Amino acid sequence: QVQLVESGGGLVEPGGSLRLSCAATGYPFRFYAMSWVRQAPGKDHEWIAHISHAGTTTDYANSVKGRFTISRDNAQNTLFLQMNNLQPEDSAKYYCARFYTSMRPPSVNLDDYTEWGQGTQVTVAS
């Protein structure tokens, strides 16, 4: 049974940093591309970053490029999102999501991600 469990969210002041983690179990993590997705209240899900199964390729939404870094530790079956210079508009629930098939490059299409975690809340406020 696939499980994705996010952690690391919380309340942070503008300009601060947080590091999110996503622990994956129930499948061979190292074979699947992964994404981080967020959803602010009243808004649609927003793809923000993805990483290839081997961790060699990453991509970011313009809204977070230069501030967020996605990474993974395949030995520990864990996905990360380092978030720096957080701003109030980054407040959202953050989800990790697994690409629908193995050994394929990731995409920005949310319909291609069929396994999702329960999310972790990030609130940026002074």
Side-chain angles (χ1 to χ4, degrees):
Q1 179 182 355
V2 174
Q3 270 202 313
L4 300 171
V5 180
E6 302 92 338
S7 61
L11 174 64
V12 63
E13 292 187 349
S17 297
L18 283 175
R19 189 192 198 206
L20 305 184
S21 298
C22 169
T25 58
Y27 74 100
F29 177 74
R30 66 191 183 280
F31 291 149
Y32 285 80
M34 300 289 294
S35 275
W36 285 100
V37 179
R38 69 185 180 188
Q39 186 177 30
K43 295 191 176 182
D44 292 335
H45 286 91
E46 176 191 12
W47 169 81
I48 56 172
H50 64 55
I51 187 166
S52 60
H53 68 279
T56 52
T57 303
T58 59
D59 198 11
Y60 301 90
N62 288 335
S63 57
V64 306
K65 197 171 290 185
R67 300 187 299 123
F68 290 12
T69 302
I70 188 172
S71 62
R72 64 191 297 161
D73 183 339
N74 284 347
Q76 297 296 322
N77 295 336
T78 305
L79 178 73
F80 301 101
L81 184 69
Q82 177 67 43
M83 305 186 295
N84 297 330
N85 191 22
L86 283 160
Q87 300 301 316
E89 54 266 33
D90 295 315
S91 296
K93 198 161 191 180
Y94 284 71
Y95 300 87
C96 60
R98 193 197 79 172
F99 199 61
Y100 77 99
T101 189
S102 63
M103 307 301 287
R104 292 287 301 274
S107 78
V108 301
N109 182 356
L110 296 182
D111 291 337
D112 289 336
Y113 294 87
T114 54
E115 303 289 345
W116 294 62
Q118 83 291 345
T120 186
Q121 181 67 39
V122 171
T123 302
V124 185
S126 53

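The model shown is predicted, which means the values in this text are computed figures rather than measured ones.
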I'd like to know if the side chain of [X] and the backbone of [Y] have a donor-acceptor N/O pair within less than 3.5 Å.
X   : Y   : value
W36 : F80 : yes
E6  : C96 : yes
T78 : Q76 : yes
N84 : T69 : no
Q87 : N85 : yes

What are the two closest non-hydrogen atoms of [X] and [Y], and how far apart are they?
X    : Y   : result
V37  : I48 : N-CG1, 4.2 Å
S126 : P14 : N-CD, 3.7 Å
A40  : A92 : N-CB, 3.8 Å
R30  : R72 : CA-NH2, 4.1 Å
S63  : E46 : OG-OE2, 3.0 Å
Y60  : I70 : OH-N, 2.9 Å

F29 meets the ring-ring contact (aromatic ring centres under 6.0 Å, His included) criterion, sequence neighbours left out, with none
Spacing of [atom1] belonging to [X] relative to [atom2] belonging to [Y], to within rounding of 0.5 Å:
X   : Y   : atom1 : atom2 : answer
R19 : Q82 : CZ    : CD    : 6.5 Å
I51 : H53 : CD1   : NE2   : 11.0 Å
N74 : F31 : CG    : CZ    : 9.5 Å
N77 : Q3  : CG    : CD    : 12.5 Å
M34 : R98 : CE    : CZ    : 8.5 Å

Does [X] reach the side chain of [Y], with side-chain heavy atoms less than 4.5 Å apart?
X   : Y    : result
S7  : T120 : no
D59 : W47  : yes
V2  : T114 : no
V64 : R38  : yes

For this session: Mark yes when over 12 heavy atoms from residues, nucleotides or ligands other than N109 sit less than 6.0 Å from its CG; otherwise mark no.
Result: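 For N109, atom CG is crowded (more than 12 foreign heavy atoms under 6.0 Å).
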Exercise for the section: Answer yes or no: does atom CD of Q118 have more than 12 heavy-atom neighbours from other residues, nucleotides or ligands under 6.0 Å? Expected result: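 Enclosed: over 12 neighbouring heavy atoms sit under 6.0 Å from CD of Q118.
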Exercise for the section: Kindly determine whether M83 and D90 satisfy side-chain contact (heavy atoms from CB on, under 4.5 Å), including the steps that lead there. Expected result: CA-CA 9 Å; M83 305 186 295; D90 295 315; over 6 Å; no
- Message: Check this for me: does any side-chain nitrogen of one of D112 and R104 sit under 4.0 Å from a carboxylate oxygen of the other?
- Response: no
### Task
Report whether V122 and L11 are members of the same hydrophobic cluster (ILVMFWY, side-chain heavy atoms less than 4.5 Å apart, transitive linking).
no
Check for me, please, whether L81 and V12 land in the same ILVMFWY cluster - side-chain distances under 4.5 Å, paths through other members count.
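Hydrophobic grouping puts L81 with V12.
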*Stepwise side-chain contact (heavy atoms from CB on, under 4.5 Å) check, L110 with D44*: CA-CA 11 Å; L110 296 182; D44 292 335; over 6 Å; no
Problem set entry | Single hit among C22, S35, S21 for side chain to side chain contact (heavy atoms under 4.5 Å, CB included) with L79 |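 Single pass found, and it is C22.
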**OP:** Assess whether ring-ring contact (aromatic ring centres under 6.0 Å, His included) is satisfied between F99 and H50, documenting all intermediate values.
**Re:** CA-CA 10 Å; F99 199 61; H50 64 55; 8.6 Å; no
(request) Would you please indicate yes or no on a ring centroid separation below 6.0 angstrom for Y113 and Y100? (result)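 No.
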- Applying side-chain contact (heavy atoms from CB on, under 4.5 Å), run through L4 and Y95 and close with a yes or a no. CA-CA 9 Å; L4 300 171; Y95 300 87; over 6 Å; no
